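What you see is a predicted model; the values in this text were computed from it and never measured.
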Amino acid sequence: MSETASKAPGKPDANGVPDTNRWKALVFIALAQLMVVLDATIVNIALPSAQQDLGISDGNRQWVVTAYALAFGGLLLFGGRIADLWGRKRAFVLGLGGFAAASALGGAATNEAMMFGARALQGVFGALLAPAALSLLAVMFTDGKERAKAFGIYGAIAGGGGAVGLILGGFLTEYLNWRWTFFVNIPFAVVAAIGAYFVIREPQGSRNRSPLDIPGVVLSTLGLVALVYGFTRAESEGWGDSLTVGMFVASAVLLLAFVVVESRVKAPLLPLRVVTERNRGGVYLSLGLAIIAMFGLFLFLTYYLQIVQNYSPVKTGFAFLPMIVGMITGSTQIGARLMTRVAPRLLMGPGFLVAALGMLILTRLGVGTSYTAVLLPGMLLLGLGMGTAFMPAMSLATQGVEPRDSGVASAMVNTSQQVGGAIGTALLNTIAASATTSYVADHLGGATSRSQQRLVQLEGMVQGYTSAIWFAVGILVAAAAIALTFVNAGRPGTTVTGSSGEGAGAAQEEMPVPAIAH
């Protein structure tokens, strides 16, 4: 174990002086994370209004979401490496400033090209900001109990922020204007950037000053962009579309070439030791699967509540509150309290299973389903399970990583979530659309009046949602199985054997402080 790893708790700098500002820093890091996560859902609520105002066609409206997803998902690894190279504080502040400027451009958009450009710019700066935020936590909080609390707060925001975005988006769109769903990012970013500039003190000697791996940057960016675009296109054009298939083939070739290059260059963009270590690999995979289930559900429930149940945007947002409460409770009261007492897999596995149980309850949705009987307990259990699992997953994903690799390791957490979100939206939407089409075709012939036809269409929609939710249940069970099988790190104070690869030592905790470096 290196000198860096054996420092006393809460002494991140080279001289062993405690960083007394680390909890203040957490406030600004959490605020920035909230802004990024809010943006992922807040724009969806505003999209219909923005589309009408800017004259965006139905065929092009997906680019409001896709432009952001492609830039963010494709550049995350590059953003993580830049944070390691330039310094996480500098990358964090620059990312916030750029995100605010891009948000202002989006709010002031006068045509679709300006809107798409603003969304792409948001994705670029988000890809710099997100890994810098998580890696700052990783290098600033090294004491076991402090780390648990910090990641509990971060996990609650990462999990619940999306649902908060639905509420805020509903309010802004209904009572002000869709442009405020962009402008609202500016005060978040300004406050977080000013606070970070004056409060955050990054540990010394934690930068990775190796030359930038240009081939790795090009291959990973193009490979991830092709993958995210393939899934996004599959949602609208179908899985058999020639360009969709071409994107998947190109992605596989590019990412395979990326792995080959990374195994041979001296200073790789993504050191393979980061992903081949058993625990981190298990976290990335299980987290990605859980996000697949989660993102699809957000979309279905939003449409179900607004179209089938006739909820307003604001009422729809408030309907998600039980999920937010569950996530915050799971992260801060269960995950954070138990993380230093039990092995991570004993929080992640059961957490995903509780979420699967909540999802299972939601398969009972019908046209006239009672909110309190089905939606309330389903969303509460889903949030509780996800919150409990997310917190140790995010902590473990950056635990035991050398400081010079923490930006890239953090970027992999965000990459697994971003790719998982793209897959979830496309895959579950396709399943739902297919089930709806089949149901309507079988039952529409017997509907004679317009009201009966409308009822069949609504029943068909719900049939599609529940069919997709059944798949989401299975995906969450698979995530639990992977977490219980692959993740074998013990609780702080125990020694675990059986990890593979260069990062095996990351799973060995011989002291009650999770090691940050080796």
Would you say the side chain of [Y] lies within less than 4.5 Å of the side chain of [X], judging by non-hydrogen atoms?
X	Y	value
Met115	Phe182	yes
Leu172	Asn177	no
Val124	Phe99	no
Val217	Phe258	no
Leu75	Thr221	yes
Pro268	Leu270	no
Met323	Met294	yes
Met379	Leu301	yes

Can you tell me how far the [atom1] atom of [X] sits from the [atom2] atom of [Y], to the nearest 0.5 Å?
X	Y	atom1	atom2	value
Ser286	Ile482	OG	CD1	6.5 Å
Phe78	Ile214	CZ	CD1	6.5 Å
Glu262	Leu255	CD	CG	11.0 Å
Leu375	Arg364	CG	CZ	10.0 Å
Leu219	Leu77	CG	CG	12.0 Å
Leu382	Leu362	CG	CG	7.0 Å

[X] and [Y]: which non-hydrogen atoms are nearest, and at how many Å?
X	Y	answer
Leu224	Gly74	CB-CA, 3.8 Å
Phe72	Ala130	CZ-CB, 4.0 Å
Ala393	Leu287	CB-CD1, 4.1 Å
Leu305	Ala319	CD1-CB, 3.7 Å
Ser370	Thr372	OG-OG1, 3.1 Å
Ala25	Val199	N-CG1, 3.5 Å

Closer than 3.5 angstrom, by distance alone: can the side chain of [X] be matched with the main-chain N or O of [Y] as a donor-acceptor pair?
X	Y	answer
Ser438	Ala435	no
Gln309	Thr369	yes
Gln122	Ala102	no
Asp241	Thr244	yes
Lys89	Ile200	yes
Arg119	Val64	yes
Ser467	Ala432	no
Ser434	Thr430	no
Asp213	Leu269	yes
Ser416	Leu285	no

Q. Strictly under 6.0 Å, is that where the ring centroids of Trp178 and Phe183 end up?
A.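 Centroid distance Trp178-Phe183: not below 6.0 Å, so no.
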
Q) Centroid-to-centroid, Phe300 to Tyr465, below 6.0 Å? A) yes

Q) side-chain contact (heavy atoms from CB on, under 4.5 Å) between Leu129 and Leu96: does it pass, once the steps are laid out? A) CA-CA 7 Å; Leu129 170 62; Leu96 283 167; 3.8 Å; yes

**Q.** side-chain contact (heavy atoms from CB on, under 4.5 Å) between Tyr439 and Glu459, intermediate numbers included
**A.** CA-CA 8 Å; Tyr439 183 91; Glu459 288 173 344; 3.0 Å; yes

Q: Check the pair Val367, Met461 against side-chain contact (heavy atoms from CB on, under 4.5 Å), reporting the backbone distance first and the verdict last.
A: CA-CA 9 Å; Val367 173; Met461 288 177 65; over 6 Å; no

Q. Quick check: are there more than 12 heavy atoms from other residues, nucleotides or ligands sitting under 6.0 Å from OH of Tyr371?
A.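 More than 12 within 6.0 Å, yes.
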
Q: Decide yes or no on side-chain contact (heavy atoms from CB on, under 4.5 Å) for Met247 and Leu227, but give the supporting numbers first.
A: CA-CA 6 Å; Met247 285 292 111; Leu227 183 63; over 6 Å; no

Q. Mind checking whether Phe248 and Trp239 have parallel, tilted or perpendicular rings, split at 30° and 60°?
A.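 Ring orientation of Phe248 relative to Trp239: parallel.
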
(Q) Is the terminal nitrogen or CZ of Lys315 (NZ for Lys, CZ for Arg) located under 6.0 angstrom from the six-membered ring centre of Phe318 and within 45° of that ring's axis? (A)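 No cation-pi geometry.
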
